[in-house]
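Nothing here was measured: the structure is a model prediction, and the numbers come from that model.
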Amino acid sequence: MSDGAGSRTGVAGALGLSVTSSVAIVICNKYLISTLGFFFATTLTSWHLMVTFFTLYVAQRLRFFEPKPIDARTVISFGLLNGISIGLLNLCLGFNSVGFYQMTKLAIIPFTIVLETLFLSKKFSQSIKASLMVLLLGVGIASVTDLQLNLLGSIIAVLTIAATCVGQILTNQIQRRLKVSSTQLLYQSSPYQSAVLLVTGPFVDKLLTKRDVFAFSYTTQVVVFILLSCSIAVCVNFSTFLVIGTTSPVTYQVLGHLKTCLVLSFGYIILKDPFSARNVVGILIAIFGMGLYSYYSVVESRKKTEDASSLPVAAQMSEKDSAPLLGAKSSPRTENKAEETFDYMPRTAKSAFTGR
């Protein structure tokens with residue numbers, strides 16, 4: 001019982017850190033863009049990941065955690081994929097309307113479910129699927145406005161969805177199969193993610209903004225907010241890996257839409273952004289959908305725990321299908337040593353700049 005309570009506390013703490021840090025970084029970056037005119041999202045994200053790596057390097061040197069080697073092919077492929085995913089997210093926003101970009105983000109949940117069903121043989125109940133539909137409907141009403149389509153933007157959107165879904169599934173699978181913690185995986189992969197964005201970021205930003213990041217006037221105030229953004233990003237990146245590892249990619253996406261609702265609300269309260277009855281209705285529907293998802297996830301998790309306790313140990317090896325937004329994480333599975341090599345290729349910290 002005490003182990004279950006500790007597990008629930010750990011999951012709740014990870015979710016709370018993810019929400020708090022993501023909302024904080026969105027507010028910080030919005031000020032950096034809107035007030036200070038720093039529009040270089042991709043380059044800033046590369047700095048986020050670079051600071052995250054150096055922070056974790058210092059932490060492991062001080063023995064706050066023990067690094068665990070991961071084979072080079074796995075970690076390099078994973079890091080490059082997630083770096084590309086972040087770049088595609090920014091390109092998707094640059095080549096599409098805000099409404100279509102929001103629709104792209106909404107499509108990540110159903111595509112993740114499809115991929116996990118096809119390649120990982122996971123099963124999602126009708127109750128879970130229905131609650132996710134309610135959630136997506138609410139977020140769509142609250143955030144999707146104009147829908148302008150173009151061929152290049154649509155292609156980028158499809159690539160963005162694919163890269164993001166696969167990246168988040170791999171984040172979960174690598175931690176489970178190789179038995180590495182979120183900190184160990186982030187420490188190993190962040191240099192490669194940062195390297196991709198450090199090289200491509202200035203070009204992507206110049207393509208999208210028609211401005212040169214190296215020609216920008218870096219005042220003291222701009223530097224202070226960049227450092228603040230990078231500091232918060234350490235928490236965002238760490239909590240992203242932690243949430244995906246302790247719950248599931250679908251639960252992380254549900255949490256991401258909760259952040260969207262909170263950002264809209266804080267934008268109205270703190271930054272006095274325009275807010276309509278449609279936003280209010282959409283947020284309320286989304287929160288109702290999140291409540292349903294959490295409730296059904298908890299119920300199904302408890303049922304699986306009860307069923308597993310009545311079975312022999314050998315029959316308790318199946319992985320849980322979904323993780324509750326505010327529910328318990330099941331006890332660690334016993335696994336064969338053969339599973340410690342990651343030969344199976346089914347955010348990553350998604351862009352800290354977008355708070356997702």
[X] side chain to [Y] backbone, donor-acceptor under 3.5 Å:
| X | Y | answer |
| --- | --- | --- |
| Ser194 | Leu49 | no |
| Asn29 | Ser229 | no |
| Ser294 | Met290 | no |
| Ser231 | Leu227 | yes |
| Lys68 | Ser181 | no |
| Ser131 | Gly289 | no |
| Gln175 | Ile244 | no |

Checklist entry - Within a reach of under 6.0 Å around OH of Tyr218, are more than 12 heavy atoms found that belong to other residues, nucleotides or ligands? => result yes
If I take atom [atom1] from residue [X] and atom [atom2] from residue [Y], how far apart are they, to the nearest 0.5 angstrom?
| X | Y | atom1 | atom2 | answer |
| --- | --- | --- | --- | --- |
| Thr45 | Leu198 | OG1 | CG | 10.5 Å |
| Cys230 | Leu44 | SG | CG | 5.5 Å |
| Leu106 | Tyr101 | CG | OH | 11.0 Å |
| Gln188 | Leu56 | CD | CG | 10.5 Å |

Quick one: do [X] and [Y] end up in the same hydrophobic cluster if we chain Ile, Leu, Val, Met, Phe, Trp and Tyr together by side-chain heavy atoms under 4.5 Å apart?
| X | Y | value |
| --- | --- | --- |
| Phe40 | Phe203 | no |
| Val58 | Val51 | no |
| Met133 | Phe124 | no |
| Val158 | Phe111 | no |
| Phe65 | Leu185 | yes |

Checklist entry - Could you go step by step and tell me if Ser77 and Tyr192 meet the side-chain hydrogen bond (donor to acceptor under 3.5 Å, both in side chains) rule? => result CA-CA 9 Å; Ser77 300; Tyr192 301 102; over 6 Å; no
With heavy-atom distances below 4.5 Å as the criterion, would you say the side chains of [X] and [Y] are in contact?
| X | Y | answer |
| --- | --- | --- |
| His257 | Ile109 | yes |
| Ile141 | Arg278 | yes |
| Thr171 | Phe241 | yes |
| Thr42 | Ile86 | no |
| His48 | Val236 | no |
| Leu136 | Pro110 | yes |
| Phe238 | Thr55 | no |
| Phe39 | Asp205 | no |

Next on the checklist: As a quick check of understanding, evaluate side-chain contact (heavy atoms from CB on, under 4.5 Å) for Cys28 and Leu32, giving each step before the final call.
Outcome noted: CA-CA 6 Å; Cys28 176; Leu32 197 56; 5.7 Å; no
Next on the checklist: Can a side-chain donor-acceptor contact be found between Glu300 and Ser125 if the only test is distance below 3.5 angstrom?
Outcome noted: yes
Next on the checklist: Is a donor from one side chain sitting under 3.5 angstrom from an acceptor on the other, for Gln193 and Ser189?
Outcome noted: yes
Specify the closest pair of heavy atoms between [X] and [Y], including all atoms of both residues, with the distance to one decimal.
| X | Y | result |
| --- | --- | --- |
| Thr43 | Pro202 | OG1-N, 3.4 Å |
| Thr247 | Asn172 | O-ND2, 3.6 Å |
| Phe100 | Ser154 | CZ-OG, 4.1 Å |
| Ile285 | Val134 | CG2-O, 3.6 Å |
| Leu135 | Ala286 | CD1-O, 3.6 Å |
| Leu17 | Cys235 | CD1-CB, 4.2 Å |

Next on the checklist: Walk me through whether Val250 and Tyr293 qualify under side-chain contact (heavy atoms from CB on, under 4.5 Å).
Outcome noted: CA-CA 10 Å; Val250 172; Tyr293 175 78; 3.8 Å; yes
Item to check | Parallel, tilted or perpendicular, as decided by the 30° and 60° cut-offs, for the rings of Phe53 and Tyr187 | outcome: parallel
Checklist entry - Can you check side-chain contact (heavy atoms from CB on, under 4.5 Å) on Ser190 and Asn237, steps first, answer last? => result CA-CA 9 Å; Ser190 55; Asn237 291 323; over 6 Å; no
Next on the checklist: Does Met103 form a side-chain contact (heavy atoms from CB on, under 4.5 Å) with Asn96? I'd like the steps, not just the answer.
Outcome noted: CA-CA 10 Å; Met103 286 296 295; Asn96 292 296; over 6 Å; no
